Asks: 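Here you go, one structure.
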Amino acid sequence: MDPMNPFTTLLATVRHALTDLAAAGVLPEGLDTERVSVEPARDPAHGDAATNAAMVLAKPAGRKPMAIATPLAEALMRDPDVAHAEAAAPGFVNLRMRDAFWQRQVAVILEAGDDYGRCDLGQGLAVNVEYCSANPTGPLHVGHARGTVVGDALASLLERVGYAVTREYYVNDGGAQIEALARSIHHRYREILGDAPGPMPDGLYPFAELMPVAEAIVARDGDRWRSADESAWLVPFGRAGVEAMRARIESDLSALGVHHDVFVSEKSLVEEGRVDAALDQLRADGLLYEGTLPPPKGRVDEDWEPVPQLLFRSTSFGDDIDRPLVRSTGAWTYFAADLAYHLDKYRRGFAWQIDVWGADHGGYVKRMQAAVRALSGGRAKLDVLLCRLVNILDGGQPLKMSKRAGRIVWLADVIDEVGADALRFIMLTRKSDAPLDFDLQKAIEQSKDNPVFYVQYAHARICSVLRNAAALDMRAEEGAPDAALLARLDDPAELSLIRRLATMPRVVEGAAVNLEPHRVAFFLHDVAAEFHTLWTRGKEQPTLRFLREDDLELTRARLALLRATQTVLRLGLRIMGVRPVEEMH
RNA sequence: GCGCCCUUAGCUCAGCCGGAUAGAGCAGCUGCCUUCUAAGCAGCAGGUCGCAGGUUCGAGUCCUGCAGGGCGCGCCA
């Protein structure tokens, strides 16, 4: 039960009325009211809210829906907050609440302050959100932005509804890509020493950001690695590269306002024997075997050779095919290390794990979920949020990145140009599995095509009025206003805005349980729209202006509404990780 | 061939664990700046919700099939 959510209040009211009807013999006793809900009315003509109670209970009660809806409406009419209740075919009960019910929400918001929209849905349950997790082989580029922003907003959202959230980053600091990093740095190293080693070979990293790493090695070690055997420098060069790139990535994340609680190193897991331990556990459960996988069907693969491998029986947990754990080189597969990592999360107390991945890893979801189920004995759950690739545009023209040619748009550069706020907001304006265009020009132009400014403008306008109020000595008071004062907020546009604000708790809950942070962005857009409407009406009709020197009481009421709106915008933006601005430039 | 995701207005997308007459932005058209910031507002126009069945009192939403698009399909991450 969430006291800040007026719709849960109404649901309780409806359930109470149903109990009364049962006591009066209109309904059977002991009906299951689990499916009864109260939702905001889509059409204002239907009132403020509607309940499906009569339709849901018709069958179990053995009554026609309208035979329940009619007495239910009568019972609800007795509630002092209900202005009107009526049954409507095929069995809705439409509720219109008294203005005071909505006006009270302004006080609820102001009393709650920063805690508005919080609830205990999560009941303190630990959840681990792993996101970004880019390989430490280079700085973050724009392609990393979406998953990073979505993961971070999701983490904030889950915190908001009462989960104990850990933000985590998995560092793939082992394996072939680190060797490639080491070789790339060695190539730069020889360049600096004047060896003219030619263009960066395919498969290595050609971008200039590795130069400082090589320079640091020259400064420290001179030319001692110049003609040394690869086996001598591969490890130290790789370590230097990982160290430098991890620092750079953390700085990129910091510029974006993202701060992970935990970084877990894949290399450490392997070195500590955690992979062996995870596989031992699976082996003990009879989930490992030596076998040969069938070749992929309908797809010609010249190189395919049937080879017996160590396999994990993931098909027992819903996967399509069993998965290999050891490469022909004898090294663990990435999946094997990931098994150890997810077991580690479970051991650290996370029965709920969320991974945010790029959509190109979609084929990986089933096996990882199977692994988490297997390793936890079915006690842990893994959700995977897939983010589709963002189309980067520059003035309407697609911008193709090419890692081989070193044509990469670095995240830090984008943040410098458009700002972290615009970037984060735009990344949250689409469902994560929907395509998303990100146009650098539009974000820079700050034109009206840029959605972040619409919301920030609303917040800035409110701040402007509050400043003007202070200048006119019509200062908004700190505490929550009383009912008599709030009763002055009786204009339809004001009440409409209040109703919108009051949906924030259910929007936040819905966004959290469905793992869809984008809903917050759409909600804020709607709030901003209602506010801009009210503002413009004040320009057209002076009696609707917020600051009325001829009516200080009304002014105080409207300032309270503005502060409540400001609070909702601020908190919503905070979930998205976007800073509210106090004025536009 | 198989798996996952997607298909809603001219374009880009919302649509709240099924709910009443499907919404927003952009593009187009018409209005609104001596007045708290016009980066805004009001209005007009625009949709067989890919197609066909099914479940249900009720389907854009759930199920099945089909079509189209995206991603992926042993020892890359």
Side-chain angles (χ1 to χ4, degrees), chain A residues 37 39-43 45-46 50 52 55-56 58-59 64-65 88-92 94 133 135 137 172 175-177 266 292-299 301 303-307 309 311 319-335 337-338 358-366 386 388-389 429-431 433-437 446-451 453-454 456-458 460-462 464-469 472 503 506-507 509-511 513-514 516 518-519 521-523 525-526 528-529 531-540 542 545-547 583-584:
Chain A
S37 68
E39 297 186 7
R42 289 190 180 175
D43 185 343
H46 295 139
N52 62 356
M55 288 176 289
V56 167
K59 194 166 280 179
K64 288 182 178 171
F92 291 102
N94 293 326
S133 296
N135 293 342
T137 53
N172 294 121
Q177 79 274 5
E266 175 194 3
T292 305
L293 290 174
K297 285 178 181 146
R299 201 164 136 270
D301 189 340
D303 299 332
W304 176 269
E305 284 176 28
V307 172
Q309 292 171 296
L311 298 173
D319 199 2
D320 305 313
I321 197 167
D322 292 335
R323 303 294 175 175
L325 299 165
V326 183
R327 299 181 210 169
S328 52
T329 63
W332 300 122
T333 59
Y334 177 80
F335 179 55
D338 230 0
D360 55 341
H361 291 56
Y364 213 73
V365 174
K366 282 187 182 178
L386 295 178
R388 262 172 82 153
L389 203 66
T429 52
R430 294 281 178 268
K431 205 159 37 183
D433 60 3
L436 169 60
D437 290 341
Q446 306 190 349
S447 72
K448 55 186 169 181
D449 293 348
N450 191 341
F453 289 96
Y454 185 78
Q456 293 210 314
Y457 188 36
R461 274 179 153 177
I462 291 171
S464 169
V465 179
L466 295 178
R467 281 194 300 269
N468 285 320
L472 292 169
T503 62
R506 75 190 300 277
V507 169
E509 275 187 40
V513 303
N514 292 291
E516 293 186 346
H518 75 281
R519 292 188 193 188
F522 282 87
F523 169 70
H525 179 274
D526 291 343
F531 168 75
H532 286 309
T533 296
L534 199 54
W535 173 286
T536 304
R537 289 199 50 203
K539 292 185 86 71
E540 290 162 353
R545 289 168 65 87
F546 301 123
L547 305 180
E583 53 190 330
M584 310 297 282

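Proteins come first, then strands; the chains are lettered A, B, ... in the order of their sequence lines, and each starts at number 1. In what follows, every heavy atom counts, from backbone to side chain, and hydrogens, waters and symmetry copies are set aside. Note that the structure is a prediction, hence the values are computed from the model and not measured.
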Asks: Does OP1 or OP2 of B/A39 have a side-chain N or O of A/Arg461 closer than 4.0 Å?
Replies: no
Asks: Closest approach to the side chain of A/Asn52, judged atom by atom: which nucleotide of B/C4, B/G19, B/G40 is it?
Replies: B/G19
Asks: Give a yes or no answer on whether the side chain of A/Asn94 reaches the backbone of A/Ala50 with a donor-acceptor pair at less than 3.5 Å.
Replies: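 The answer is no, because no donor-acceptor pair under 3.5 Å joins these two groups.
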Asks: Any base atoms under 4.0 Å from A/Val307, or only sugar-phosphate, or nothing? Heavy atoms, all strands.
Replies: base
Asks: Name the closest nucleotide to the A/Arg519 side chain, picking from B/C17, B/G3, B/A38.
Replies: B/C17
Asks: When we call it a touch if two heavy atoms are under 4.0 Å apart, what does A/Arg537 touch: a base, just sugar-phosphate, or nothing?
Replies: nothing
Asks: Using a 4.0 Å heavy-atom cut-off, does A/His361 contact any base of the nucleic acid, only the sugar-phosphate backbone, or nothing at all?
Replies: base
Asks: Evaluate A/His525 against A/Tyr454 for ring pair (Phe, Tyr, Trp, His ring centres under 6.0 Å), listing each step before the verdict.
Replies: CA-CA 7 Å; A/His525 179 274; A/Tyr454 185 78; 4.7 Å; yes
Asks: For A/Trp304 and B/G74, say yes or no: do the ring centres fall under 5.5 Å of each other while the ring planes differ by less than 30°?
Replies: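 Given the distance and angle limits, yes, they stack.
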Asks: Would you mind classifying the nucleic acid contact of A/Lys64 as base, sugar-phosphate or nothing, using non-hydrogen atoms under 4.0 angstrom?
Replies: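 Since no nucleic acid heavy atom lies under 4.0 Å of A/Lys64, the category is nothing.
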Asks: B/U37 phosphate, OP1 or OP2: any side-chain N/O from A/Asn468 under 4.0 angstrom?
Replies: yes
Asks: What's the gap between B/A45 and B/G23 when it is taken at their P atoms, as a whole Å value?
Replies: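 Here B/A45 and B/G23 have their P atoms 14 Å from each other.
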Asks: Counting only side-chain heavy atoms from C-beta out, which of B/U56, B/A38, B/C13 sits nearest to A/Trp535?
Replies: B/A38
Asks: Output, in order, the C-alpha distance, side-chain angles, deciding distance and verdict of salt bridge (Lys or Arg N to Asp or Glu O under 4.0 Å) for A/Arg537 and A/Glu540.
Replies: CA-CA 5 Å; A/Arg537 289 199 50 203; A/Glu540 290 162 353; 5.8 Å; no
Asks: If the C1' atom of B/C16 is compared with that of B/C76, how far apart are they to the nearest Å?
Replies: 40 Å
Asks: Please state the P separation for the pair B/G74 and B/C11 - nearest whole angstrom.
Replies: 37 Å
Asks: Is the distance from OP1 or OP2 of B/U37 to the nearest side-chain N or O of A/Tyr454 less than 4.0 Å?
Replies: no
Asks: A side-chain contact here means heavy atoms from C-beta on lying under 4.5 Å apart; do A/Glu39 and A/Arg506 qualify?
Replies: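 Side chain of A/Glu39 against side chain of A/Arg506, heavy atoms only: contact under 4.5 Å found.
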Asks: With the side chain of A/Leu547 defined as its heavy atoms from C-beta on, choose the nearest nucleotide among B/G40, B/C71, B/C36.
Replies: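 Looking only at side-chain atoms, A/Leu547 lies closest to B/C36.
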Asks: Drop me the distance from A/Trp535's CH2 to A/Ser464's OG, to the nearest 0.5 angstrom.
Replies: 5.0 Å
Asks: Mind checking A/Pro542 for me? I need base, sugar-phosphate or nothing, with any heavy atom below 4.0 Å counting as a touch.
Replies: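 Nothing: the residue A/Pro542, judged by heavy atoms under 4.0 Å, touches no strand.
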Asks: Check whether any side-chain N or O of A/Thr536 sits under 3.5 Å from a backbone N or O of A/His532 as a donor-acceptor pair, and report yes or no.
Replies: yes
Asks: Any donor-acceptor pair, under 3.5 Å, between the side chain of A/Arg506 and the base of B/C16, if you only look at N and O atoms?
Replies: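 A donor-acceptor contact between them is present.
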Asks: Tell me the interatomic distance from A/Glu266, atom CD, to B/C76, atom P, rounded to whole angstroms.
Replies: 13 Å
Asks: Can A/His46 be classed as stacking with the base of B/A20, given a centroid separation cut-off of 5.5 Å and a plane angle cut-off of 30°?
Replies: yes
Asks: Out of B/C17, B/G15, B/C13, which nucleotide sits closest to the side chain of A/Ala434?
Replies: B/C13
Asks: Using the side-chain heavy atoms of A/Pro90, tell me which of these nucleotides is nearest: B/C6, B/C36, B/G19.
Replies: B/G19
Asks: Let me know the distance between NE2 of A/His525 and C1' of B/C16, rounded to the nearest Å.
Replies: 17 Å
Asks: When the C1' atoms of B/G47 and B/G15 are compared, how many Å lie between them, rounded to an integer?
Replies: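 14 Å, rounded to whole Å.
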Asks: Quick one: A/Phe453 CZ to B/A39 C1', roughly how many Å, whole number?
Replies: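 The answer, rounded to whole Å, is 8 Å.
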Asks: Using a heavy-atom cut-off of under 4.0 Å over every strand shown, decide if A/Glu516 touches base, sugar-phosphate, or nothing.
Replies: sugar-phosphate
Asks: Which nucleotide in the list B/G74, B/G40, B/C16 gets nearest to the side chain of A/Gln309?
Replies: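 Of B/G74, B/G40, B/C16, B/G74 is nearest to the side chain of A/Gln309.
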Asks: Counting only side-chain N and O atoms of A/Lys431, is one of them less than 4.0 Å from OP1 or OP2 of B/C13?
Replies: no
Asks: When you measure from the side chain of A/Arg42, which nucleotide among B/C36, B/A39, B/C16 comes out closest?
Replies: B/C16
Asks: Given atom CG of A/Asp338 and atom P of B/C76, what is their separation to the nearest angstrom?
Replies: 15 Å
Asks: What contact category does A/Ala88 fall into here, base, sugar-phosphate, or nothing, at under 4.0 angstrom with non-hydrogen atoms?
Replies: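 Base: the residue A/Ala88, judged by heavy atoms under 4.0 Å, touches a nucleobase.
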Asks: On the side chain of A/Asp526, is there an atom forming a donor-acceptor pair with the base of B/A24 - under 3.5 Å, no angle test?
Replies: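 Under the 3.5 Å cut-off, the side chain and the base do not form any donor-acceptor pair.
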Asks: Send over the distance from A/Glu540 CD to B/A38 P, rounded to a whole Å.
Replies: 11 Å
Asks: Check whether any side-chain N or O of A/Lys539 sits under 4.0 Å from OP1 or OP2 of B/A38, and answer yes or no.
Replies: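 For A/Lys539, the contact criterion (side-chain N or O under 4.0 Å from OP1 or OP2 of B/A38) is met.
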Asks: Once you apply a heavy-atom cut-off of 4.0 Å, does A/Glu509 come out as touching a base, just sugar-phosphate, or nothing?
Replies: nothing
Asks: Looking for any heavy atom pair under 4.0 Å, which part of the strands does A/Gly362 touch: base, sugar-phosphate only, or nothing?
Replies: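 No contact.
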Asks: Is the phosphate of B/A42, meaning OP1 or OP2, less than 4.0 Å from a side-chain N or O of A/Thr533?
Replies: yes
Asks: Hey, is the side chain of A/His518 poking within less than 4.0 Å of OP1 or OP2 on B/G15, counting only N and O atoms?
Replies: yes
Asks: Round to the nearest Å and state the distance from A/Phe522 atom CZ to B/C26 atom P.
Replies: 13 Å
Asks: Atom CZ of A/Arg323 and atom P of B/C73: how far apart are they, to the nearest Å?
Replies: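 After rounding, the reported distance stands at 10 Å.
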Asks: Does A/Gln177 reach the main-chain N or O of A/Asn172 with its side chain, forming a donor-acceptor pair under 3.5 Å?
Replies: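 At least one qualifying donor-acceptor pair exists.
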Asks: Nearest whole Å is fine: how far is B/A39 P from A/Gln456 CD?
Replies: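 The answer, rounded to whole Å, is 15 Å.
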Asks: Need one value for A/Asp437: base, sugar-phosphate or nothing, where a base atom within 4.0 Å counts as base even if backbone is also close, heavy atoms only.
Replies: nothing
Asks: What nucleotide, of B/G3, B/G19, B/C5, holds the atom closest to the side chain of A/Asp433?
Replies: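 Nearest to the side chain of A/Asp433 among the choices is B/C5.
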Asks: Can you tell me, in whole Å, how much space there is between the P of B/U8 and that of B/A14?
Replies: 10 Å
Asks: If the P atom of B/A22 is compared with that of B/G46, how far apart are they to the nearest Å?
Replies: 14 Å
Asks: Give A/Ala331 one of three labels, base, sugar-phosphate or nothing, depending on what nucleic acid heavy atoms sit under 4.0 Å from its own.
Replies: nothing
Asks: Looking only at atom C1', what distance separates B/U64 and B/U56, rounded to whole Å?
Replies: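 Nearest-Å result for B/U64 against B/U56 at atom C1': 16 Å.
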Asks: Would you please determine if the base of B/A20 is stacked by A/Phe92, with stacking meaning a centroid separation under 5.5 angstrom and planes under 30 degrees?
Replies: yes
Asks: From the list B/U35, B/U37, B/G19, which nucleotide is the closest neighbour of the side chain of A/Arg545?
Replies: B/U35
Asks: Less than 4.5 Å apart, side chain to side chain, heavy atoms only: is that true for A/Phe522 and A/Val507?
Replies: no
Asks: Measure the shortest side-chain to side-chain distance between A/Leu389 and A/Asp360 over non-hydrogen atoms and say whether it is less than 4.5 angstrom.
Replies: no
Asks: Expressed as a whole number of Å, how far does the C1' atom of B/A67 sit from that of B/A52?
Replies: 11 Å
